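Take a look at the structure below.
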Protein chains: 2
Amino acid sequence: MPRKRNTRRSPDMPTLADVARLAGVSEITASRVVRAQGPIADPTRLRVLSAIAALGYIPNRAAGSLASAGSTLMSVLLPSLSNIVFPDVLRGIHTALTQTAFQPVIGVTDYDPLIEERILISFLSWQPAAVILAGLHHTPVARRYLEQGRFRVAELMDIDGDPVDIAVGMSHRQAGYETGRHLIQRGYRRFGYARHNILTDDRASARYEGLCTSLQEAGLSLIAEHRYPGPSSTKAGRDTLEILLSAHSELDVVIFPNDDMAMGGIFHCMYAGITVREQLGIFGFNGLDIGQAMPMPLSTILSKRFLIGKTAAEKLLESRERPPEKTIINTGFDIIEGATA
Amino acid sequence: MPRKRNTRRSPDMPTLADVARLAGVSEITASRVVRAQGPIADPTRLRVLSAIAALGYIPNRAAGSLASAGSTLMSVLLPSLSNIVFPDVLRGIHTALTQTAFQPVIGVTDYDPLIEERILISFLSWQPAAVILAGLHHTPVARRYLEQGRFRVAELMDIDGDPVDIAVGMSHRQAGYETGRHLIQRGYRRFGYARHNILTDDRASARYEGLCTSLQEAGLSLIAEHRYPGPSSTKAGRDTLEILLSAHSELDVVIFPNDDMAMGGIFHCMYAGITVREQLGIFGFNGLDIGQAMPMPLSTILSKRFLIGKTAAEKLLESRERPPEKTIINTGFDIIEGATA
DNA sequence: CTGTTAGCGCGTTCAT
DNA sequence: ATGAACGCGCTAACAG
């Protein structure tokens with residue numbers, strides 16, 4: 001006895017069979033029209049298209065996915081959405097995916113590799129066409145899934161390491177190094193460093209290490225650093241600078257892990273009557289618009305977040321199969337001289 | 001002759017049948033264990049779980065979706081990711097969905113109802129359990145799909161209107177109105193208004209109208225307004241204030257559509273040597289952290305973005321079926337007195 | 001250029 | 001507490 005139609009769906013949601021019937025063609029022909037694939041005679045296509053319009057047909061992607069063992073989803077795993085960096089990356093991804101059939105599915109890992117692993121596995125159950133992650137460090141389990149899967153993989157932000165498939169980003173180590181060189185050249189000698197408590201922000205750590213290296217090479221070292229006991233924020237930057245200066249008034253420049261915190265540093269200087277650049281240099285990272293809109297533009301490094309996201313998504317779409325050799329794309333960075341250091 | 005196994009999948013991606021075979025149970029029993037549904041004897045469950053672990057089994061959600069005519073996806077359609085407001089909403093949604101089986105799928109509409117309609121239709125092909133959108137204005141076609149669909153719907157940010165199912169947000173009209181009342185009470189009389197070119201930002205328009213109403217009631221009106229010929233940004237705010245003041249130096253307060261632009265206004269004042277609050281009041285909207293971390297905290301209205309997203313997602317999960325009557329949740333707003341107006 | 005056939009992997013239904 | 005059978009809606013493969 002025929003089972004009754006699944007009760008959970010709308011009573012008369014049309015299927016491809018309905019479209020085919022109305023258009024007087026076979027299902028597969030209708031399917032080909034929907035997917036714009038294969039050769040279809042113009043009159044046939046038009047009949048199918050008008051049947052689709054007449055019925056208000058919406059394809060069922062679950063069925064399509066199942067039949068074709070693939071989907072048009074792109075899994076995107078980001079550490080955070082509070083840090084504007086990642087929405088920027090996401091915008092880039094979105095821009096590349098607009099006008100394609102692909103859709104991003106977002107997961108947020110809170111900078112935790114174990115959460116990343118968990119979300120990755122759950123995303124893989126949708127048979128994504130590609131996976132985008134931040135950074136090159138993943139759990140061994142995650143790394144294994146990434147390597148064995150039949151999907152493209154892009155690892156974003158960082159390029160200092162060995163990617164699974166594609167890496168798009170910049171060398172944060174080098175950015176930190178160049179920061180040090182730049183500030184030394186500008187005459188600064190007594191360096192302070194502000195940090196936050198996101199210990200798994202590998203990029204921030206890499207920049208820190210790069211900076212230390214350049215200081216060492218110049219016979220210098222960090223005089224002081226303070227790790228704010230909370231996540232990055234403008235207020236964190238402001239409070240951290242106050243603490244640093246109260247113990248080390250001799251500092252002539254303080255480097256922040258990002259522009260948000262650096263802005264906080266500037267606000268502290270405004271509050272405390274410290275002349276920025278002359279009395280104290282302030283240096284950030286990211287090159288956010290707001291920092292550049294200040295009367296004294298923030299001295300910082302421009303990271304190309306949008307470009308990273310866009311490039312990665314474009315690259316992933318180039319070929320459905322993972323090529324034999326890995327790709328590393330360096331989007332580079334620019335030092336913004338600014339007026340604060 | 002049996003067709004060969006789909007060539008696109010990994011050579012030996014285990015299926016539920018493999019798990020069942022290894023555990024010595026039927027597929028449906030294994031399925032019940034995977035979904036933690038129905039009564040299963042403890043020893044049976046353990047055997048299945050260890051088979052899952054041994055094989056590294058990952059469920060195929062496309063198949064599950066197809067069989068059950070439903071998915072664990074939640075479609076989220078946001079106007080923008082550049083405006084920090086929406087990442088904040090997204091964080092709220094994410095927070096509510098963590099520890100549930102649901103996953104958000106993000107689409108970005110660029111404040112364009114037609115793009116919203118297009119993305120909505122494409123999302124519906126995944127049979128989402130719920131759809132989240134911004135605002136109450138959609139195309140007639142989109143509205144029809146939303147009303148007829150077998151999924152929950154939440155419309156966020158605004159509550160001035162008639163929702164399809166659930167609305168979570170605040171009254172922007174009232175926020176604009178209260179802004180006017182507040183500033184009048186503080187003694188301001190000569191009002192200027194800065195705008196941006198996102199004409200379909202209905203919330204900004206509603207605040208503008210509310211403000212005008214309160215001015216009218218006090219026998220006042222806007223002396224000047226300027227629409228910046230580009231999207232909202234800090235620089236847009238800075239440039240807009242400069243233009244406003246060059247033509248209307250008599251203004252004693254300028255209201256901005258958001259904190260980003262208001263910060264730009266403050267930067268212009270810093271640059272031009274204008275004493276904020278005494279010579280010119282500056283008022284924003286959103287209550288971003290950065291504005292509150294300034295030496296003179298920005299006077300603004302705190303919108304509760306995170307709460308809106310979280311509340312909406314939680315509400316959507318309460319029942320899979322759309323209840324007979326609509327729900328409107330007012331998350332309210334707070335006036336932050338600040339030091340700039 | 002179009003059609004026939006045969007599943008994709010899972011969950012619902014109903015039976016035991 | 002567990003299982004058998006069927007089909008969800010679509011597309012790959014091959015034939016014509």
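Below, chain A is the first sequence line, B the second, and so on; all start at residue 1. Side chains are part of it too, since the values below use all heavy atoms of this structure and drop only hydrogens, waters and symmetry mates. Computed from a predicted model, the values in this text were never measured in an experiment.
- Taking side-chain N and O atoms only, R35(A) has a distance below 4.0 Å to OP1 or OP2 of dA12(D).
- Rounded to a whole Å, the CG atom of D18(A) is 11 Å from the P atom of dC8(D).
- No side-chain donor from either of E117(A) and H138(A) sits under 3.5 Å from a side-chain acceptor of the other.
- Contact annotation for T44(A): backbone-only contact, meaning every heavy-atom pair under 4.0 Å involves sugar-phosphate atoms and none involves a base.
- Rounded to an integer number of Å, the gap from Q37(A) CD to dC10(D) P is 15 Å.
- Remark: R305(A) is not positioned above the aromatic ring of F86(A), lacking an NZ or CZ atom under 6.0 angstrom from the ring centre and at most 45 degrees off the axis.
- Comparing atom distances between the S68(A) side chain and each of dT2(D), dT11(D), dT2(C) picks out dT11(D) as nearest.
- Using a 4.0 Å cut-off on heavy atoms, the residues of residues 21-33 of chain A that approach DNA chain D are E27(A), I28(A), S31(A), R32(A), listed by number.
- In this view, A154(A) and I132(A), L156(A), I166(A), A312(A), L316(A) satisfy the side-chain contact (heavy atoms from CB on, under 4.5 Å) rule, not counting sequence neighbours.
- Applying the side-chain contact (heavy atoms from CB on, under 4.5 Å) rule to A17(B) yields the partners T15(B), R21(B), E27(B); only residues at least two apart in sequence or on another chain are considered.
- Residue W126(A) contributes atom CH2, which lies 16 Å from atom P of dG9(C) at whole-angstrom precision.
- In this structure, I40(B) and A63(B) both approach DNA chain D, and ranking their closest nucleotides by distance from the 5' end singles out I40(B).
- Atom CG in L66(A) sits about 11 Å away from atom P in dT11(D), given to the nearest Å.
- With respect to the salt-bridge test (charged N to carboxylate O, under 4.0 angstrom), the residues E318(B) and K315(B) qualify.
- I52(A) has its CD1 atom 13 Å from the C1' atom of dC10(D), to the nearest Å.
- T72(B) and Q103(B) are not linked by any side-chain donor-acceptor pair at a separation below 3.5 angstrom, with hydrogens and angles left out of the test.
- For N60(A), taking side-chain heavy atoms from C-beta onward, the closest of the listed nucleotides dG9(D), dC10(C), dA1(D) is dG9(D).
- In the set dG11(C), dT2(D), dT2(C), dG11(C) carries the atom at the smallest distance from any side-chain atom of L16(B).
- Donor-acceptor pairing under 3.5 Å is recorded for the side chains of R35(A) and S31(A).
- Side-chain proximity of A67(B) to the nucleotides dT2(D), dT2(C), dG9(C) is greatest for dG9(C).
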